[in-house]
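What follows is a set of notes on a single structure, which appears directly below.
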Amino acid sequence: MSKALLYDATLCIGCKQCEGACATQNKLPYNDAVAAEEVQSEHKFTVVLTKSNKFMRRLCMNCADPACASVCPVGALRKTASGPVIYDEKRCMGCRYCMVACPFDVPKYEWSKLLPRVQKCTMCPERVKDSQPTACAEICPTGATKFGERHELIAEAQQRIRDNPGQYVNHIYGVSEAGGTSVLLLSSVPFEQFGYRTDLTRDPLPIYTYRVLSGIPDFVPLGGMVLGGIWWITHRREEVAAAEGHDLPPGEGKEAKE
Ligand code: SF4
Ligand code: SF4
Ligand code: SF4
């Protein structure tokens, strides 16, 4: 069964403990300066926004049919059956098509690193695999971020709206946006006030992404082949070096990644 997160902004107190727990989980730095940053970045996978005493989280939506994964020529991004959209840095060749394709402007690139990775929330896949809640849901003191089965969270969100119709916008964001997502949102103010797009189709976006990319002459077959070739050559060199028991020159091998 597919897991999901339900974030109910009306229960959120803006404590940002979810940000801190996420940083710890992902071995990222977190201090007052990072807490004050109001944008997702390569070192901050989730952010709690504040406007007129209202709160809203932003993070990767872990889409059901992710556009980011659909454009990745080497399969570095992948949707898992349990919900998380995971990333394999060993496969990634740095083309950054995922950053262009994502309708939520989520993936970020480690521009300042020698061997950069794409970074985003991957919905704590190790925890989910072990039937644990995500770090952000586990720490949330009010239940504003809740982890569970997607269909059960949708039913619960519908019930909350029915029980308190004046308290919520009559919409659960993420049930159908971009074909559905594993992050579901409830709010008392329109989602667009916090930058969420309301023009997204109910169809999975990969259909449209492919059409757009296909419209660029030779983009998919040629671009994919060229970049795939670069990736293959790079990784083949590492494999050969490993098999022969010697290291690549400094800066070229996996050992240079950290
Ligand atoms: S929100 Fe963007 S990065 Fe996250 S799964 Fe969806 S398409 Fe991919
Ligand atoms: S699900 Fe995990 S990675 Fe995503 S925001 Fe929550 S703690 Fe961070
Ligand atoms: S931990 Fe919970 S209450 Fe605190 S900011 Fe995050 S979602 Fe809101």
Side-chain angles (χ1 to χ4, degrees), residues 3-28 30 35 38 40-50 53-72 76-80 82-87 92 96-109 118-130 132-148 173-174 177-187 194-197 200 204-209:
K3 305 287 186 187
L5 288 171
L6 171 62
Y7 170 73
D8 184 337
T10 72
L11 299 176
C12 182
I13 56 174
C15 65
K16 300 197 179 191
Q17 290 187 58
C18 49
E19 291 185 0
C22 176
T24 303
Q25 177 68 29
N26 291 290
K27 300 183 176 58
L28 297 167
Y30 194 76
E38 290 225 317
Q40 291 171 80
S41 68
E42 77 286 357
H43 63 259
K44 187 167 183 176
F45 298 172
T46 184
V47 61
V48 181
L49 302 174
T50 310
N53 293 323
K54 303 286 185 191
F55 305 108
M56 178 58 71
R57 285 190 67 186
R58 297 293 309 242
L59 66 164
C60 172
M61 303 297 279
N62 289 274
C63 305
D65 197 352
C68 59
S70 77
V71 295
C72 181
L77 288 153
R78 182 168 62 83
K79 177 74 175 177
T80 59
S82 54
V85 174
I86 58 174
Y87 171 69
C92 181
R96 304 184 298 281
Y97 291 170
C98 54
M99 295 170 66
V100 179
C102 173
F104 301 102
D105 191 26
V106 166
K108 299 290 183 267
Y109 199 57
V118 169
Q119 291 282 40
K120 73 173 196 74
C121 153
T122 50
M123 211 177 135
C124 299
E126 299 82 12
R127 296 175 67 98
V128 172
K129 204 165 137 196
D130 290 345
Q132 285 184 297
T134 61
C136 55
E138 185 175 71
I139 204 162
C140 181
T142 65
T145 296
K146 186 172 178 180
F147 175 80
Y173 195 97
E177 278 78 9
T181 63
S182 291
V183 174
L184 306 161
L185 309 170
L186 285 175
S187 173
F194 285 97
Y196 278 99
R197 288 178 59 180
L200 294 173
L205 286 179
I207 299 167
Y208 300 94
T209 311

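Computation of the quantities below employed the complete heavy-atom set of this structure, encompassing side-chain atoms and omitting hydrogens, waters and symmetry-equivalent molecules. Both ligands and their constituent atoms are indexed starting at 1 by order of listing.
At distances below 3.5 Å, at least one donor-acceptor pair connects side-chain atoms of Lys16 with backbone N or O atoms of Ala35. In terms of modelled atom types and a separation under 3.5 Å, the side chain of Lys3 and the main chain of Met123 share no donor-acceptor contact. Put simply, the side chain of Gln40 never gets that close to the backbone of Val106: no donor and acceptor are under 3.5 Å apart. Proximity of a side-chain donor or acceptor of Thr142 to a complementary backbone N or O of Leu11 within less than 3.5 Å is detected. A donor-acceptor pair is defined here as one N or O able to donate and one able to accept, closer than 3.5 Å; such a pair exists between the side chain of Glu177 and the backbone of Gly174. The backbone N or O of Ile86 lies less than 3.5 Å from no partner atom in the side chain of Arg78, so there is not a single donor-acceptor pair. Side chain of Tyr109 to main chain of Glu42: no donor-acceptor pair is present (N/O by atom type, distance under 3.5 Å, no hydrogens or angles).
Inter-residue side-chain proximity for Cys136 and Leu5 is flagged as met; some heavy-atom pair is nearer than 4.5 Å. Taking the side chain as every heavy atom from C-beta outward, Thr122 and Cys60 never approach each other to under 4.5 Å.
Only side-chain heavy atoms of Arg57 come within less than 4.0 Å of ligand 2; its backbone N, CA, C and O stay farther off. Contacts with ligand 2 closer than 4.0 Å are made by side-chain heavy atoms of Asn26 only, the backbone lying farther away. Contacts of Glu19 with ligand 3, taken as heavy-atom pairs under 4.0 Å, are absent altogether. Of the heavy atoms in Ile13, both backbone and side-chain atoms come closer than 4.0 Å to ligand 3. With a heavy-atom cut-off of 4.0 Å, Phe55 does not touch ligand 3 at all.
Taking every heavy atom of Thr46 and a limit of under 4.0 angstrom, the matching atoms of ligand 2 come to 5 (S). Close contacts between ligand 3 and Lys16 involve ligand atoms 4 (Fe), 5 (S) [criterion: under 4.0 Å to a heavy atom]. Distances below 4.0 Å separate heavy atoms of Thr142 from the following atoms of ligand 3: 3 (S). For ligand 3, the atoms closer than 4.0 angstrom to any heavy atom of Cys140 are 1 (S), 2 (Fe), 3 (S), 7 (S). Close approach to Thr145 involves these atoms of ligand 3, each under 4.0 Å from a residue heavy atom: 7 (S). Listed by number with element, the atoms of ligand 2 under 4.0 Å from a non-hydrogen atom of Thr134 are 1 (S). In the vicinity of Tyr7, heavy-atom distances shorter than 4.0 Å reach the ligand 3 atoms 7 (S).
Using a cut-off of 2.8 Å, one finds that Cys22 contributes an N/O/S atom close to atom 8 (Fe) of ligand 2.
Protein residues with a heavy atom closer than 4.0 Å to ligand 1 are Cys60, Met61, Asn62, Cys63, Pro66, Ala67, Cys68, Val85, Cys102, Pro103, Phe104, Val106, Pro107, Lys120, listed by chain and number.
Distance check: Leu186 CG to Tyr7 OH gives 10.5 Å after rounding to the nearest 0.5 Å.
For the pair Pro141 and ligand 3, a heavy-atom separation below 4.0 Å is found.
Considering only residues two or more places apart in sequence or on other chains, Lys146 meets the side chain to side chain donor-acceptor pair (under 3.5 Å) condition with Glu156.
Inspection of the Lys79 and Ser182 side chains reveals an N or O donor paired with an N or O acceptor under 3.5 Å.
Cation-pi contact between Arg58 and Tyr196: present, with separation from the ring centre below 6.0 Å and deviation from the ring axis of at most 45°.
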